Amino acid sequence: RTSYKDMRITYHGGFRMADRKEITRIEDKKRIAYTARYKGEVVTRGMCMKNKWSLNIRHDRLYTLYQDNVFVFGGKNRRTLITVIPLAA
């Protein structure tokens, strides 16, 4: 398995994590992204329909649920955090 140091975070993903999770240090962002990627619950289309979430699930991305947020990953081996979407308002 890879290390949290192998995680990449886009500018938008880092901004959203700072905004929604109040995490500003890049190392902390990578640790949270790593945990969400490998220990979070994978979100599927069926899960979205069942819970009435309006997420546009794309086949080339990985969506995981971790700490009431949906983390969206893409890129090589889906190790790049693209954005963070809160579920609870």
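Side-chain atoms are counted along with the backbone in the values below, which use heavy atoms only and exclude waters and symmetry mates. Throughout, residue positions are numbered sequentially from 1 according to the sequence presented. Since the model is a prediction, treat every value here as computed from it, not as a measurement.
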Shared ILVMFWY cluster between Met49 and Leu65, side chains joined below 4.5 angstrom? no
With a 4.5 Å cut-off on side-chain heavy-atom distances among I, L, V, M, F, W and Y, is there a chain of contacts connecting Tyr11 to Ile82? no
Over all atoms of both residues, closest heavy-atom pair of Thr80 and Gly75: OG1-CA, 4.3 Å
Taking Leu81 as the fixed residue, which of Met17, Lys29, Met7 is the one that meets the side chain to side chain contact (heavy atoms under 4.5 Å, CB included) rule? Met17
Got a sec: does the CZ of Arg8 have more than 12 other heavy atoms crowding it under 6.0 Å? no
Asn56: partners by side-chain hydrogen bond (donor to acceptor under 3.5 Å, both in side chains), with sequence neighbours left out: none
Residues passing the side-chain hydrogen bond (donor to acceptor under 3.5 Å, both in side chains) test with Glu41, sequence neighbours excluded, are none
Any side-chain heavy-atom pair of [X] and [Y] under 4.5 Å:
X	Y	answer
Leu87	Asn69	no
Ile57	Cys48	yes
Val72	Leu62	no

If you apply the rule side-chain contact (heavy atoms from CB on, under 4.5 Å), what do you find for Leu55 with Ile85, and how did you get there? CA-CA 9 Å; Leu55 288 175; Ile85 305 166; 3.8 Å; yes
When you measure from the side chain of [X] to the backbone N and O of [Y], does any donor-acceptor pair fall under 3.5 Å?
X	Y	value
Arg37	Tyr4	no
Asp19	Phe15	no
Thr64	Ala36	yes
Tyr34	Thr2	yes
Ser3	Asp6	no

side-chain contact (heavy atoms from CB on, under 4.5 Å) for Thr44 and Tyr63? Distances and angles first, verdict last. CA-CA 8 Å; Thr44 62; Tyr63 299 79; over 6 Å; no
Does the pair Lys30 and Ile9 meet the rule for a side-chain contact (heavy atoms from CB on, under 4.5 Å), with working shown? CA-CA 7 Å; Lys30 284 185 175 187; Ile9 300 175; 4.0 Å; yes
What orientation do Phe71 and Phe73 show, parallel under 30°, tilted 30 to 60°, or perpendicular over 60°? parallel
State which residues pass salt bridge (Lys or Arg N to Asp or Glu O under 4.0 Å) with Glu27; sequence neighbours excluded, sorted by chain then number. Arg31
Quick check for you: to the nearest 0.5 Å, what is the distance between Thr83 atom OG1 and His12 atom NE2? 3.0 Å
